[in-house]
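Letters A, B, ... are given to chains in the order of the sequence lines, protein chains preceding strands, and every chain is numbered from 1. Everything numeric here is computed off the predicted structure, so don't read it as measured data.
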2 protein chains.
Amino acid sequence: MTTSIDREVESRLAEQDVRYTRGRRMVVAGLSSAGGPLSAAELHAGVGNELPLSSLYRSLAVLEEAGVLAPHHGTKGLTRYELAEWLRGHHHHLICTQCGAVEDVAVTDRHESQVERVVDEISSAASFTPVSHALEIEGRCARCT
Amino acid sequence: MTTSIDREVESRLAEQDVRYTRGRRMVVAGLSSAGGPLSAAELHAGVGNELPLSSLYRSLAVLEEAGVLAPHHGTKGLTRYELAEWLRGHHHHLICTQCGAVEDVAVTDRHESQVERVVDEISSAASFTPVSHALEIEGRCARCT
DNA sequence: TCTATAGTGAGAATGGTTCTCAATCAGTAA
DNA sequence: TTACTGATTGAGAACCATTCTCACTATAGA
Ligand SMILES: [Mn+2]
Ligand SMILES: [Mn+2]
Ligand SMILES: [Zn+2]
Ligand SMILES: [Zn+2]
């Protein structure tokens, strides 16, 4: 099945003369259907341990380099990846300190513009040029309350 | 030299029957005088490679457990630590994508209350119980512009 | 002082991630 | 189609931040 995200990734990679191979498609598909960022190990398990780990890691690196994926450095010794914002849309994260789950959360335009105003004011006061921001909320998820 | 932070850490550890030893003091001192979170390797170098790495890592773990330090998972394969918020005060981070530096940035009460309102609204919409938040701004620092 | 417990340091072990290299695949030209 | 060429893959070794082990030392309390 070819989704719309698949098609967008396809053309993005074509622009950069990077092939959209079977393994890379599996990674994108795995992350497309996830509710939050996934680690290499989680992706590996998610595809029934097809796709060798070395290839999986290489695919993650290639797709990150191509701007298709964004790394998310969460808990200790583990990098999780998610689709880049131009594919999935901007969002923030709810991180459960109990079970460790990271959940995507959409954000309204009103909230987003408020956050952006704060980001811009903080940045300009520090002579910093902001490119993006991440608002991460830690606490207890609905299941762990 | 015994700073005020030193005294606060001292009593916090005393409450928990955890000794405030030479190595632990070196870690707290190193982080007190830093402008952002530091990794184990950075701390190690900062004290002239006194304090063996195994002891340094153990001190970081003990101080984190005691609530004196907070880990910051920023870059790949590297955990940086900073003083907990009750010691250093709440702040946010400017992360330079060019040089990798992480800089603390103070936040005004007005900004903070705006951010907190957004955090609360996002959380309650997701049945999430927020405990803390982190606003991380990525971009170029003044030096790398 | 004696004893029990906490802390230390050197090095081994662990585990996520990256690297190596030979084999295979995909695009291109003849 | 066939031959050529560079990209991609997979198995395993290597890497490196972090954690563990264990014998030794320091400290607090009886
Ligand atoms: Mn996400
Ligand atoms: Mn900080
Ligand atoms: Zn949870
Ligand atoms: Zn910089």
Determine: side-chain N/O of B/T21 to OP1/OP2 of D/dA26, distance under 4.0 Å, yes or no.
-> no

Looking across every strand, which nucleic acid part, if any, lies under 4.0 Å from B/L78 by heavy atom: base, sugar-phosphate, or nothing?
-> sugar-phosphate

Salt bridge present between A/R143 and A/E103 (N-O < 4.0 angstrom) | no

Provide, to the nearest angstrom, the distance between the CZ atom belonging to B/R19 and the P atom belonging to C/dA4.
-> 15 Å

How many Å lie between CD on B/E42 and P on D/dA17, as a whole number?
-> 11 Å

Please name the pair of heavy atoms, one in B/A40 and one in B/L56, separated by the smallest distance, quoted to 0.1 Å.
-> O-CD2, 3.5 Å

Can you check whether B/Y57 has a side-chain N or O nearer than 4.0 Å to OP1 or OP2 of D/dT18?
-> yes

Spacing between B/R25 atom CZ and C/dG7 atom P, to the nearest angstrom = 13 Å

Side chain of A/P52 - closest among D/dA11, C/dT18, C/dC25 | D/dA11

B/D17 CG to D/dT27 P: how many Å, rounded?
-> 17 Å

Whole angstrom value for the distance that separates C1' of D/dA26 from OH of B/Y20 | 18 Å

Between B/R12 and B/V18, is any pair of side-chain heavy atoms under 4.5 Å apart?
-> no

Comparing B/R80 with B/R58, nearest DNA chain D nucleotide closer to 5' gives the residue B/R80

Can we say B/E10 and B/R24 salt-bridge, meaning some charged N sits less than 4.0 Å from an Asp/Glu carboxylate O?
-> no

Just call it for A/S39: base, sugar-phosphate, or nothing, with non-hydrogen atoms closer than 4.0 Å on any strand.
-> nothing

Whole-Å distance separating the NE2 atom of A/H73 from the P atom of D/dT18 = 13 Å

What integer distance in Å separates A/R22:CZ from D/dT9:C1'?
-> 11 Å

Which of D/dT18, C/dG7, D/dT8 is nearest the side chain of B/V18? It is C/dG7

Whole-Å distance separating the NE2 atom of B/H44 from the C1' atom of D/dT18 | 14 Å

Does CG in A/D109 sit with more than 12 non-hydrogen atoms of other residues, nucleotides or ligands closer than 6.0 Å?
-> no

Check whether any side-chain N or O of B/S54 sits under 4.0 Å from OP1 or OP2 of D/dC20, and answer yes or no.
-> no

What about B/R24, does its side chain sit under 3.5 Å from the base of C/dG7 through a donor-acceptor pair?
-> no

Among D/dG10, D/dA28, D/dG6, the one nearest A/S55 by side-chain distance = D/dG10

